[in-house]
Protein chains: 2
Amino acid sequence: MKYGFAKRVNHMQSSAVRDILKVVNRGDVISFAGGLPDEKLFPVEEVRRAFDQALSADPKALQYGETEGVPALREKLSERMAEKGIKRESENILVTSGSQQAIDLFARVMFNPGDIILTENPTYLAALQVFQSYEVNIVPVDSDEDGMTKEDLETKIQQLKPKCIYIVPTYSNPDGKMWSLQRRKQLLRLAEKYHTIVFEDDPYGDIQFDESENVPPIASMDDNKYVVYTSTFSKTVVPAMRTGWITGPYQIIRMMAQAKQATDLHTNSLSQHALVKLMEEFDLDEHIRTLRQAYKERMLVMKGIFDQADDLEIRYTEPKGGMFFWVSMPDEVNTTTLLNEAVANGVAFVPGAPFYVNQPPQNTMRLNFTNAEPEMIEEGMKRLVDVMNHPSRFHNE
Amino acid sequence: MKYGFAKRVNHMQSSAVRDILKVVNRGDVISFAGGLPDEKLFPVEEVRRAFDQALSADPKALQYGETEGVPALREKLSERMAEKGIKRESENILVTSGSQQAIDLFARVMFNPGDIILTENPTYLAALQVFQSYEVNIVPVDSDEDGMTKEDLETKIQQLKPKCIYIVPTYSNPDGKMWSLQRRKQLLRLAEKYHTIVFEDDPYGDIQFDESENVPPIASMDDNKYVVYTSTFSKTVVPAMRTGWITGPYQIIRMMAQAKQATDLHTNSLSQHALVKLMEEFDLDEHIRTLRQAYKERMLVMKGIFDQADDLEIRYTEPKGGMFFWVSMPDEVNTTTLLNEAVANGVAFVPGAPFYVNQPPQNTMRLNFTNAEPEMIEEGMKRLVDVMNHPSRFHNE
């Protein structure tokens with residue numbers, strides 16, 4: 001039987017990253033493809049204890065909960081964000097099933113088909129997928145290494161009257177970019193001037209390699225009027241618990257909570273109670289420092305190998321945090337073609353093309369450095385450089 | 001600042017049930033309002049052990065997982081459904097964040113604005129909310145105590161060509177109805193004849209009071225062509241884990257998985273791993289028998305008090321399972337008005353009106369009998385009957 005689907009499914013795409021992940025689950029392939037933290041660094045014992053305590057404390061932790069999230073967790077989130085200068089009361093916080101759901105619920109309550117959203121280019125693939133599924137017109141803004149350029153941003157705001165500007169300004173996925181303080185301020189000033197909402201997606205902000213770096217989130221400079229801010233425990237605690245949050249103007253958060261009610265009633269509240277216990281009993285910041293050190297070391301291993309590969313004609317910038325290394329090969333190289341040979345040689349990455357809004361360049365790649373241990377990174381990078389050393393094999397046809 | 005929302009928010013309603021629940025969290029009100037299982041019957045110790053084991057087994061249980069769900073859980077679900085005669089391979093199963101998400105994802109991939117869905121009337125409130133948010137036209141079908149009547153169903157299928165028929169045929173929410181075997185077969189035959197999809201929502205099937213009753217799910221009579229079936233662990237294990245599932249034709253399940261990718265990547269996989277351990281180590285069916293007995297006893301307490309209240313002019317049918325008692329008062333009574341005085345007298349319920357598709361009768365109420373212990377039910381029912389004894393106070397104006 002043929003089933004009649006909604007028109008919106010024509011705008012849904014399966015994630016190229018996840019499809020590749022399925023292929024490279026072969027044990028002999030070293031994968032730099034996913035965006036996975038390293039499970040060997042998970043605080044397993046502490047998580048186990050936290051669940052124990054949550055379950056011992058009160059069987060109500062296992063009952064249906066509030067759509068907005070467990071009150072004690074929202075309080076903790078309010079406190080944690082205040083440490084970063086983001087001052088939002090817990091009533092302005094919605095707990096979500098990962099920050100992916102925050103993006104989806106935001107799109108659901110904000111966008112009509114044909115609405116315009118401005119983004120970086122490249123940007124987070126799964127955000128593009130969400131926006132496309134709501135038939136939003138996605139318009140990329142010119143950027144350099146410091147963030148969106150003021151001129152192009154202002155021109156496009158004036159001309160297109162976008163409903164929202166979506167950005168990942170801190171250690172971005174895919175290109176690891178860190179926006180400068182000046183560009184953050186400029187963006188916020190334009191948002192205020194033209195009454196445009198900024199969606200600040202910040203899953204990687206805690207994974208910061210230089211402890212002295214001190215560029216604040218854009219949300220910290222906003223009086224809870226123009227900036228909606230989302231983050232997650234997926235990178236700092238564990239991904240499996242699917243617990244993220246979003247904060248912003250009460251009207252928007254309230255509307256998103258109403259949408260969430262119909263979507264999944266509420267986020268797994270046992271996990272929320274366990275996270276409260278975890279934050280009470282466990283030095284999460286100390287754990288985050290451990291992660292920063294481990295991931296920085298791995299990034300340096302990856303970078304070191306590229307630095308030594310003198311023959312390779314590539315461009316890259318050292319990431320200052322996050323989970324990804326972004327590499328550009330010569331214009332005529334097609335990294336999707338290259339991926340096939342790389343996998344045959346026992347290493348995987350993600351081609352950069354799917355992270356672009358339109359007419360993607362074919363010569364970029366994203367490498368994750370957080371999942372594999374340093375020796376594996378070294379071995380994987382040898383395999384990769386082997387293949388990259390023959391770029392003429394992978395030219396566009 | 002005023003924010004411009006999507007047009008679809010005009011079709012979103014906050015759940016009346018959840019709004020009332022907020023009010024009745026006062027400690028002195030005995031609430032029959034929610035749809036909550038009793039947390040004193042939760043298998044807390046077993047859940048604790050299951051998490052312990054899941055966390056000890058493999059730190060990968062804490063890593064990102066597959067959108068479709070943890071493979072071992074999908075296998076277990078396939079086996080459990082087979083015991084009810086529903087034969088579906090695990091590849092035809094999608095694990096969802098509660099069965100609420102199954103309804104939402106189904107609507108997301110199936111419905112265009114203006115599409116028609118046939119439902120019972122009254123029916124599950126939060127399903128109506130989902131359908132409304134996708135701007136679907138909801139058309140109720142005439143029903144009696146055995147289910148939808150064949151004549152009206154066939155007429156409406158012929159005239160309206162609905163995309164789907166949504167039903168809760170087993171111990172329905174809100175009215176506790178149990179469809180007869182004959183009506184189930186008739187519905188399926190019509191679905192086959194007119195190529196219409198049946199969405200069988202079955203959260204309560206396990207809460208069956210008469211062990212000898214043996215009416216099979218409609219999905220068990222279908223060759224995985226016309227029936228999409230969803231259920232959940234929220235009533236039989238615990239709600240907080242937000243783990244449900246849906247099974248149906250592969251094309252539909254595959255499309256829903258693709259939509260889920262953008263929605264929340266995947267359902268909390270730690271909870272999924274814990275559920276696998278729970279089903280391995282714990283006699284879930286024995287636990288379900290305990291629940292059946294406890295809930296049946298409570299239902300009988302509630303019914304007993306109505307049976308004795310000779311002066312009350314009400315109609316009700318003894319529920320054969322599930323969690324709800326459905327009562328009709330004289331036509332001119334308004335149960336929303338009555339609720340105010342009931343709450344003042346220390347007892348709460350849910351007025352039936354929001355469960356209707358359009359032009360709702362105002363004289364019905366839904367009473368939950370699973371959350372409170374028998375003595376509390378007795379006390380709450382006394383308070384309620386006190387108020388109901390003066391129906392003329394609550395006449396429609």
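As the structure is a computational prediction, the values presented were derived from the model and not from experiment. So you know, we letter chains A, B, ... as the sequences are listed, proteins then strands, and number each from 1.
Heavy atoms of A:A61 lying under 4.5 Å from chain B belong exclusively to its backbone. Only the side chain of B:I197 comes within contact range of chain A, judged by heavy atoms closer than 4.5 Å. Contacts between B:A257 and chain A at a heavy-atom distance below 4.5 Å are absent for every atom of the residue. If you measure heavy-atom distances from A:S133 to chain B, the contacts under 4.5 Å come from the side chain alone. With a threshold of 4.5 angstrom between heavy atoms, B:H273 does not approach chain A through any atom at all. With a 4.5 angstrom heavy-atom cutoff, A:T267 touches chain B only via backbone atoms.
The greatest number of non-hydrogen atom pairs below 4.5 Å with chain B, out of A:M255, A:H195, A:M241, A:Q272, is found for A:M255. Residue with the most contacts toward chain B among A:K163, A:R242, A:Q100: A:R242 (heavy-atom pairs, distance under 4.5 Å). Contacts with chain A were tallied for B:T96, B:L55, B:V109, B:D52; B:V109 has the most, counting heavy-atom pairs under 4.5 Å. Contact count versus chain A (heavy atoms, under 4.5 Å) is highest, among B:N112, B:V238, B:D58, for B:N112. Of the listed residues A:S97, A:A259, A:A126, A:P37, the one with more heavy-atom pairs under 4.5 angstrom with chain B than any other is A:P37. Listed options A:D104, A:D38, A:V44 were ranked by heavy-atom pairs under 4.5 angstrom with chain B; first place goes to A:D104. For chain B, the option among A:Y226, A:F5, A:F111, A:Y134 with the highest count of heavy-atom pairs below 4.5 Å is A:F5. When the candidates A:A102, A:P239, A:G244, A:A262 are compared by the number of heavy-atom contacts under 4.5 Å with chain B, A:P239 comes out ahead.
Between the side chains of B:N268 and A:S271, at least one donor N or O lies within less than 3.5 Å of an accepting N or O. Under the 3.5 Å distance criterion, with hydrogens and angles disregarded, no donor-acceptor pair is assigned to the side chains of B:Q251 and A:K2.
Ring pair B:Y166/B:F131 is perpendicular by interplanar angle, where above 60° counts as perpendicular and below 30° as parallel.
The distance from the CG atom of A:N137 to the CD1 atom of A:I117 is 11.0 Å, given to the nearest 0.5 Å. Atom-to-atom distance recorded for B:M256:CE and B:K260:NZ is 9.0 Å, nearest 0.5 angstrom. Atom CE of residue A:M323 and atom CG of residue A:L291 lie 9.5 Å apart, to the nearest 0.5 angstrom. A:D115 CG to A:K161 NZ: the interatomic distance, rounded to the nearest 0.5 Å, is 13.5 Å.
The main-chain N or O of B:R108 is found under 3.5 Å from a side-chain atom of A:R8 such that the two form a donor-acceptor pair.
Among residues two or more places apart in sequence or in another chain, the ring-ring contact (aromatic ring centres under 6.0 Å, His included) test is passed with A:Y124 by none.
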